[in-house]
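Remember, it's 1-based here, ligands and their atoms both numbered in the order they're listed.
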Amino acid sequence: MQNQEVYDELVAKFEKQYGCKPAAVAYAPGRIEVLGNHTDYNEGYVFSAAIDKGTFFAVAPSEDTKCSLTAGDFMETVEFDIANVAPAKEMTWQNYVTGTFNWLFDGEPAKAGKGWKGMFLGNIPLGAGLSSSAALEMCTVLALCKLYGIEKDKTTLAKIGQKAEHTFAGCPCGLLDQASSLYGKEGGLVKSDFRYCKFENVDLGPTVAFMMVKSNAKHALVDGAYASRRQACEDAAKYFAGVLKHPVTHLRDVSCAEWILYRGGLSETTAKRAIHPIGEDERVINGAALLEKGDLAGFGSLMFDSHESSRNWFENSCEELDTIVDAAKAIPEVLGARLSGGGFGGSCCLLVKPEAADKIAAAITAAYKTAYGDEPTCAVIKPSEGAHLV
Ligand code: GLA
């Protein structure tokens, strides 16, 4: 479904369900992660882009303190009072919205005074590693800000969504997904520096495009693997803080050369985990220099290196993603390919020559089908404008 159709369907369903027009509608896109994996919570760097698919949230005020929230695709509704907002154990889709509402009011949603009626609908494939959950948080927060007349800068809004993930959805994520959804720009990448929460747009030019290839391997970040990787990075940072002479608070402060010199003091697994974000930071910095020179092939080869690092060191890839990247590597019109996002399933992001998109999709589909019997989903992605009110 195209975005306009999603919007039309949402507004029609909203009016039917609640008997009024929405007072505010906001849109927030999903994202692809292009280079820099698991660097965000290590205060490092990432290249990402907002995609041309997203989620809409429509909202109207209640007369009292009651809230009603409907998932527009399967038309399931939950009701609660502003004095009683807590993480749900069932119908957990609501947690992204209720958690965002909760933290928009600093954990005291009763301060909102009045409740709301909301409905959301989107077209981001779920479980694909395209951050449908962050998109839901960001369209929720924008629509609720409009409804309650609240003004906050984008980084604060992103942090509200991140807090919802941590406390309501149970995923200790970084800020990448929310920031990419907010700071996206048509035709461009978002270059993020998570230590200083600095976000800039970098133009990519018309000669290349992105393709997402969604494996059929389950992608779930709330089952512990993501958290254990984050924990290993934090343990490693503590160790380096003890052995290096300069200040270290996060792995951002450690270089590859320092890792080589001092890795012996870490357990083998923790050492393997640590080099991934450390190497990714260097790749993003090198990648930025290559993009400035217009060296897209050089940038693409860093994407391949990034995937190797996921595969060998961070171990957040899986057979299906490796099959996609290996197949992509053999196609001359693919400049780079890597897993995108948390990993452990989900999607790969490819940097491609757009005129060869069909050929690339066919070749990767054939390789995947030979290995697993089913087909991945391939789609050309247009880097797009970030979240906004409609
Ligand atoms: C997920 C998380 C992000 C980020 C990526 C990996 O998408 O939500 O915060 O850590 O994984 O780079």
Task: Per-atom contacts of ligand 1 with Gly341, taking only distances under 4.0 Å to non-hydrogen atoms - done: 5 (C), 6 (C), 11 (O)

Open item on the list: Need the ligand 1 atom indices (1-based, order shown) with element for anything under 4.0 Å from a heavy-atom of Tyr226.
Closed with: 1 (C), 2 (C), 3 (C), 4 (C), 9 (O), 10 (O), 11 (O)

TODO: Could you check Asn201, Asp203, Val34, Leu35 and say which one makes a side chain to side chain contact (heavy atoms under 4.5 Å, CB included) with Leu189?
DONE: Val34

Task: Ligand-residue contact atoms, ligand 1 with Glu33, heavy atoms, under 4.0 Å - done: 5 (C), 6 (C), 12 (O)

Open item on the list: Under 4.0 Å, heavy-atom basis, I'd like to know which part of Asp40 is in contact with ligand 1: side chain, backbone, both or neither.
Closed with: side chain

Task: Subset of ligand 1 atoms that lie under 4.0 Å from at least one heavy atom of Gly174 - done: 9 (O)

- [ ] Using the six-membered ring wherever Trp is involved, compare the ring planes of Tyr372 and Tyr368 and label them parallel, tilted or perpendicular (cut-offs 30° and 60°).
- [x] tilted

Task: Tyr239-Tyr262 aromatic ring centre distance below 6.0 Å - done: no

Open item on the list: Assess the residue pair Trp259 and Phe240 against the criterion (ring-ring contact (aromatic ring centres under 6.0 Å, His included)); give the C-alpha distance rounded to whole Å, side-chain angles, the decisive distance to 0.1 Å, and a yes or no.
Closed with: CA-CA 8 Å; Trp259 177 84; Phe240 283 110; 8.3 Å; no

TODO: Measure centre to centre between the rings of Phe194 and Tyr41, then say whether the value is under 6.0 Å.
DONE: no

Task: 4.0 Å heavy-atom contact, Arg31 with ligand 1 - done: yes

- [ ] Number the atoms of ligand 1 from 1 as they appear, then name those within less than 4.0 Å of a heavy atom of Asn37, with their elements.
- [x] 6 (C), 12 (O)

- [ ] Please determine if Lys359 and Glu333 form a salt bridge, counting it only when a charged side-chain N lies under 4.0 Å from a carboxylate O.
- [x] yes

- [ ] Could you list which atoms of ligand 1 come closer than 4.0 Å to a heavy atom of Cys173?
- [x] 2 (C), 8 (O), 9 (O)

- [ ] Using distance alone, decide if ligand 1 has a nitrogen or oxygen within less than 3.5 Å of any nitrogen or oxygen in His38.
- [x] yes

TODO: Begin from the C-alpha positions of His307 and Met303 and carry the test side-chain contact (heavy atoms from CB on, under 4.5 Å) through to its verdict.
DONE: CA-CA 6 Å; His307 188 81; Met303 293 174 68; over 6 Å; no

